[in-house]
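Counting from 1, the numbers follow the sequence of the chain as shown. Both counts, for ligands and for their atoms, begin at 1 and track the order of listing.
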Amino acid sequence: MEQPSPVPDTPYHRLGGAPVFEAIANRFYDLMDSDPAYAELRAMHAADLTPMRASLPKFLAGWAGGPRDWFEANPGRCMMSLHAPFTIEALTANQWADAMERAITDVAPEPAEIATSMREVLGRLARGMGR
Ligand code: HEM
């Protein structure tokens with residue numbers, strides 16, 4: 001009989017769980033904050049990125065099959081309602097996608113198949129939000 005896997009088979013767990021998702025979000029906001037290639041995206045965000053550094057990894061955790069604390073703390077909130085206050089142009093959508101792809105490559109390149117899927121899915125999701 002097959003032994004139960006000690007690590008749940010979700011992208012969240014296979015990539016390394018909370019510390020890895022926190023590292024991805026921190027790298028993403030470090031890039032956004034420091035690289036002029038993301039100036040327009042940076043300008044849309046609050047001066048203090050501390051709340052987003054805490055929030056984004058929790059959102060991504062639930063989205064990738066991990067703990068759903070963010071969704072439980074924010075009932076009814078979704079990608080559409082979160083971003084309804086903003087006009088997202090193709091330029092800033094591309095900046096988001098590019099910074100996230102780089103962040104994943106920089107801090108969570110393994111397992112390669114999971115990192116690749118995360119880059120592809122998040123990149124497509126973000127680019128699809130631009131107009
Ligand atoms: C497509 C380009 C995107 C742009 C321009 C954008 C922009 C923003 C901005 C300006 C905020 C408010 C932040 C602040 O007040 O400092 C925000 C919030 C948020 N964004 Fe995005 N976003 C994009 C894509 C995404 C994607 C693809 C995800 C997740 C997969 C995401 C997840 C979030 C979350 C979870 C919050 C709110 C967190 C909270 O309030 O708890 N965003 N976004």
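- At a 4.0 Å cut-off, at least one heavy atom of L60 sits close enough to ligand 1 to count as contact.
- Residue contacts with ligand 1, taken as heavy atom pairs separated by less than 4.0 Å, involve L122 solely via side-chain atoms from C-beta onward.
- Salt-bridge check for R127 with E101: passed, with a basic side-chain N closer than 4.0 Å to an acidic carboxylate O.
- Side-chain contact between W63 and V121 is present, with at least one heavy-atom pair separated by less than 4.5 Å.
- A cation-pi arrangement is not found for R42 relative to Y38, the charged atom failing to lie both closer than 6.0 Å to the ring centre and inside a 45° cone about the ring normal.
- Listed by number with element, the atoms of ligand 1 under 4.0 angstrom from any heavy atom of L125 are 30 (C).
- Set against the non-hydrogen atoms of A93, the atoms of ligand 1 under 4.0 Å away are 1 (C), 2 (C).
- Judged by the shortest distance from any of its heavy atoms, M79 lies inside the 4.0 Å radius around the atoms of ligand 1.
- Only side-chain heavy atoms of M129 come within less than 4.0 Å of ligand 1; its backbone N, CA, C and O stay farther off.
- Under the 4.5 Å side-chain criterion, counting only non-hydrogen atoms from C-beta, R77 is not in contact with F71.
- Those atoms of ligand 1 that come under 4.0 Å of a heavy atom in M44, given as number and element, are 5 (C), 10 (C).
- By the 4.0 Å N-to-carboxylate-O rule, R27 lies close enough to D106 to be salt-bridged with it.
- When the options F28, W96, Y38, F59 are ranked by their closest heavy atom to atom 2 (C) of ligand 1, first place goes to W96.
- Residues T116 and R119 have side chains that bring a donor and an acceptor to within less than 3.5 angstrom of each other.
- Salt-bridge check for R53 with D30: passed, with a basic side-chain N closer than 4.0 Å to an acidic carboxylate O.
- Proximity of W70 to ligand 1 is established by a heavy-atom distance of less than 4.0 Å.
- The N/O atoms of H83, backbone and side chain alike, include one that comes under 3.5 Å of an N/O atom in ligand 1.
- Atoms of ligand 1 found under 4.0 Å from any heavy atom of L82 (numbered from 1 in listed order, with element): 34 (C), 35 (C), 36 (C), 37 (C).
- Proximity to A46 (heavy-atom distance under 4.0 Å) selects the following atoms of ligand 1: 14 (C), 16 (O).
- Taking every heavy atom of S55 and a limit of under 4.0 angstrom, the matching atoms of ligand 1 come to 38 (C), 39 (C), 41 (O).
- Only the side chain of M52 comes within 4.0 Å of ligand 1, counting heavy atoms alone; its backbone N, CA, C and O stay farther away.
- Residue contact check: L56 has heavy atoms under 4.0 Å from atoms 32 (C) of ligand 1.
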